[in-house]
Amino acid sequence: METELSLKKNLYMARTSVTTESNKTGSWRFLRPKYEEKTSPCSTACPAGEDIARIEMLITQGAFKEAWETILRENPLPGVCGRVCYHPCEGRCNRREFDTSIAVHTMERFLADTAARNETKPALERLPPKGKRVAIIGSGPAGLSAAWFLNMLGYDSEIFEAMPEAGGLLRWGIPAYRLPATVLSNEVARLESQGVRIRVGEAVTASRFEELKTSYDAVFLGCGYWRNRALNIPGEPGQGVEDGMSFLRQLRQGAKPDVTGVSAVIGGGNTAIDVARSIIRLGGRAVIIYRRRREDMPAFDEEIESALEEGAELRELLAPVQIAAIGSDCILTVQQMKVEGLDRDGRGKIVTAGTSLVEISVQRVFVATGTTAVEAWHEPPPAAEAGDQHNASVHLYLSHCTLQQEQQGTPIIYGGDLTNTDKNVTQAIASGKQAAMALDTLFQSGADAVRERLSACLVGEGPSLSMEIYMNGPRKERKPHIVSYQEINTDYFQFEPRVIQPRLLIEERTSSFDEIELKISANTAMREAGRCFNCGICNNCDNCYLFCPDVCILRGRDMTERHIDYDYCKGCGLCVVECPRNAMTLGEEEKL
Amino acid sequence: MQLDALDKELMCSGHVGCPGCGATIAMRFVLKALGEKTVMVLPACCWSVIAGPFPQSSLKIPVIHTAFETGGATASGVRAALDMKGDKETTVITWAGDGGTFDIGFQALSGAVERNEDFIYACYDNEAYMNTGIQRSSSTPYGAWTTTTTGADWKKLRKKNIVEALVAHRIPYAATANIAFPEDLIRKVKKAKAIKGSKFLHIYASCPTGWRIPSEMSIKIARMAVQTNIFPLYEVENGVNYTINYKPREYLVREYFKLQGRFRHLKDTDLDQIQEMVNEDWALLLRKAGEHA
């Protein structure tokens, strides 16, 4: 006992009593790191402005419902777009420079299919009812999109559809092997369950249009382009000459037209390709005749590739001159063309090559060289040279739609193919969204406010718009800066092959209208989404927290919220450099 | 990154480590792996300062500050005292810089591991005497500028291979680790903690101040040291069983050298020569591990 006491008396052991936390080392700092989410290139490339980086992050986490809802905030038709969209997002994916792009469209389709299979009900924000009603003409992608977003913004809307089923071009213009009817009807059913009203079999005539103007607060025209553009050559119209759009519509109505022998399909757009591939499925042979070259074709490249795989023949640089019926056959006379220099829009300029004409003997000719509006009043007012007008009348020419209001009357807004330069499904959806935003702003703050309000909702540099930003969601905090590949810390990523999309065999494809692309498993989807860099957004990887030499990354209880403790942060910048996805920024410290 | 480690911090903010200090990052990871039941022996090194001036401490575990050359001996004593108290649970770790390990503390270290004392000796290697003003050590790499190898007299001798020196003692566990590879580092610390006897960890810890690099590049450069084979990640059990933990992407060493002010004077011919030295070392390591390039 005594020894112990004496030990204590004689052995002096220095004991610390306080931590170093009394030194506020934040005063050393001259650079200031901060959390700052930025914009991913894919999301600005998406016409619908989908928050793709976040969608992929949620898929990786297995949060399929939340990922699906994130799409629905910007695009009401993921099941459709996951199949028929030409996915420009993948063309701008930063991962392309590393190995290959993320299969964004496959992910989108996976989410839509999963939600449909589980009959998931989305839980989305809806603004309080505004007490205004909007009539929508046409239930194609533009009309459905306008109705969905107007619904979100608190408007009542009613869609008028001339055909017996909703969907417009999606229902009657796109073949079933690209978009099965059940997929579309599932999407339409969900829209209806969320409050979108569709009146099928009600065609809107010019006089009915006038009535709608008086009984609704606004009218949206999204009735599309359905009239086939004629070739204006001898023999058309005539025996054996059919129009492509009507042919596709007949197929979707259940008809099985006889296409034995060889059919010539004139045109280079998606309709021409759809017609050719349908002919093959009905047992016929298809020759696509195009006046330019393959690289000039407006059809999506993957579609052209598939058509050729399935046995369609492509004959380039041939311009139709005349069609003559001989017996039950047709003689299609074409002029050979050649490329000489460039034309105004940068495509090769096509001129006639010599005077020799070529005769092609076929059983029938399908004309699919483009479409126009069915009625003259469907067309938006031509853009006045003065541009927008805001006096007694309002004429607003927006990127995807045209808004017209005569003398304080009912606002009319034109969208979809009627106004879009790029006429495709996702651009139509974008126009419906823009129309909803424009109408809401018009009603709330007047026509003068529309442009400014819309430009505040751009994704990155635009022209894609975000409804989440419009509704003041968390995405509003994102900086418009688009993350480049050089800003990704690729040390945190490994080379991994892109998912291989399972598809039907060629033989299976050419013998039925079954969907070509098959489903992928949840496991595969999560792995594919895990390849995503998640450019510009925080996915809680914790690198900032782990590598902080000064222990000043504070995390919330649920480990999602992160803050920098500026009392101690010395501004070394490690967190910013080690952030794999540029969700942080290092800036100069403000002078005090 | 998900780490199999404590969420609790055993290191405090407010320490006086330089911005971007690799040695503090190494400390955080090691403490997360070891947990609270740890006694740390600190011979003279940067961390003697970072751990705080009396009565402050930046560490929430007991620390014994000790003389430069005594890391191995003091740890042996602490272990013996704990054993006498019947405490087999507490881990004893010596946390020394390269000066206290490669040079001044080598005798005590060699003695302790020769006796196979049950402790971890962790050397955080910043490749010079940084705390006293960047003097060269036997850990300073070939080609480096320091305040004692200036101008044309840059260091023209190789870095001592400390892991091989320890492996020669046939200790149960010796490993290299790097702050840019936290999963690997934490796994190795946990493994060392579970093994009885002497364990040696050689932890690469970049030094923005002494290496003349921007503070935010500290981890990037540490990672490149591994990617270029300059600092391979491997472990050796019982002095014979080699395992290489990371097969690099074969980056060229010049990528690593050109980012650092301390190597700015090197010419292309010097870099070619260094590349050869690195290739040679890597081939030797592969041979020891019984692997092929």
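None of the values given here were measured: they were computed from a predicted structure. Every chain is numbered from 1 and lettered A, B, ... according to where its sequence line falls, protein lines coming before strand lines.
Looking at Ile179(B), the atoms closer than 4.5 Å to chain A (heavy atoms on both sides) all sit in the backbone: N, CA, C or O. The parts of Cys548(A) that come within reach of chain B are both its backbone and its side chain, each placing non-hydrogen atoms under 4.5 angstrom from that chain. Ala23(B) does not touch chain A: none of its heavy atoms, backbone or side chain, sits under 4.5 Å away. Within the 4.5 angstrom heavy-atom criterion, no atom of Val63(B) approaches chain A.
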Could you list each N or O donor-acceptor pair linking chain A to chain B at a distance under 3.5 Å?
unit_1    : atom_1 : unit_2    : atom_2 : d
Ser17(A)  : N      : Pro55(B)  : O      : 3.0
Val18(A)  : N      : Pro55(B)  : O      : 3.3
Val18(A)  : O      : Ser57(B)  : N      : 2.8
Thr20(A)  : N      : Ser57(B)  : O      : 3.1
Thr20(A)  : OG1    : Ser13(B)  : O      : 2.9
Ser22(A)  : OG     : Gln56(B)  : NE2    : 2.9
Asn23(A)  : OD1    : Gln56(B)  : NE2    : 3.3
Asn23(A)  : ND2    : Gly14(B)  : O      : 2.8
Asn23(A)  : ND2    : Gln56(B)  : OE1    : 3.2
Asp491(A) : OD1    : Gln227(B) : NE2    : 3.0
Asp491(A) : OD2    : Lys220(B) : NZ     : 3.4
Asp491(A) : OD2    : Arg223(B) : NH1    : 2.7
Tyr492(A) : OH     : Arg223(B) : NH2    : 2.7
Phe493(A) : O      : Arg249(B) : NH2    : 3.1
Cys541(A) : O      : Met1(B)   : N      : 2.5
Tyr545(A) : O      : Arg28(B)  : NH1    : 2.8
Tyr545(A) : O      : Arg28(B)  : NH2    : 3.2
Tyr545(A) : OH     : Asp7(B)   : O      : 3.4
Tyr545(A) : OH     : Glu9(B)   : OE2    : 3.0
Tyr545(A) : OH     : Lys32(B)  : NZ     : 2.9
Leu546(A) : O      : Arg28(B)  : NH1    : 3.1
Cys548(A) : O      : Arg28(B)  : NH1    : 2.8
Pro549(A) : O      : His15(B)  : NE2    : 2.8
Asp550(A) : O      : Ser13(B)  : OG     : 2.8
Asp550(A) : OD1    : His15(B)  : NE2    : 3.2
Val551(A) : O      : Ser13(B)  : OG     : 3.0
Arg555(A) : NH2    : Asp7(B)   : OD1    : 2.9
Arg555(A) : NH2    : Asp7(B)   : OD2    : 3.4
Lys570(A) : NZ     : His15(B)  : O      : 3.0
Lys570(A) : NZ     : His15(B)  : ND1    : 3.3
Lys570(A) : NZ     : Gly17(B)  : O      : 2.5
Cys572(A) : O      : Ser215(B) : OG     : 2.7
Cys572(A) : O      : Glu216(B) : N      : 3.1
Glu578(A) : OE1    : Arg223(B) : NH2    : 2.2

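Under the rule for a salt bridge (charged side-chain N to carboxylate O under 4.0 Å, His left out), Glu468(A) has no partner lying at least two apart in sequence or in another chain. Residues meeting the salt bridge (charged side-chain N to carboxylate O under 4.0 Å, His left out) test with Glu66(A), sequence neighbours left out: none. In this structure Val104(A) satisfies the side-chain contact (heavy atoms from CB on, under 4.5 Å) test together with Ile52(A), Glu56(A), Cys89(A), Glu90(A), Ile102(A), sequence neighbours excluded.
Heavy atoms from other residues, nucleotides or ligands lying under 6.0 Å from CD1 of Ile500(A) number 12 at most.
When every heavy atom of Cys572(A) is checked against every heavy atom of Gly20(B), the shortest pair comes out as CB-N, 3.2 Å.
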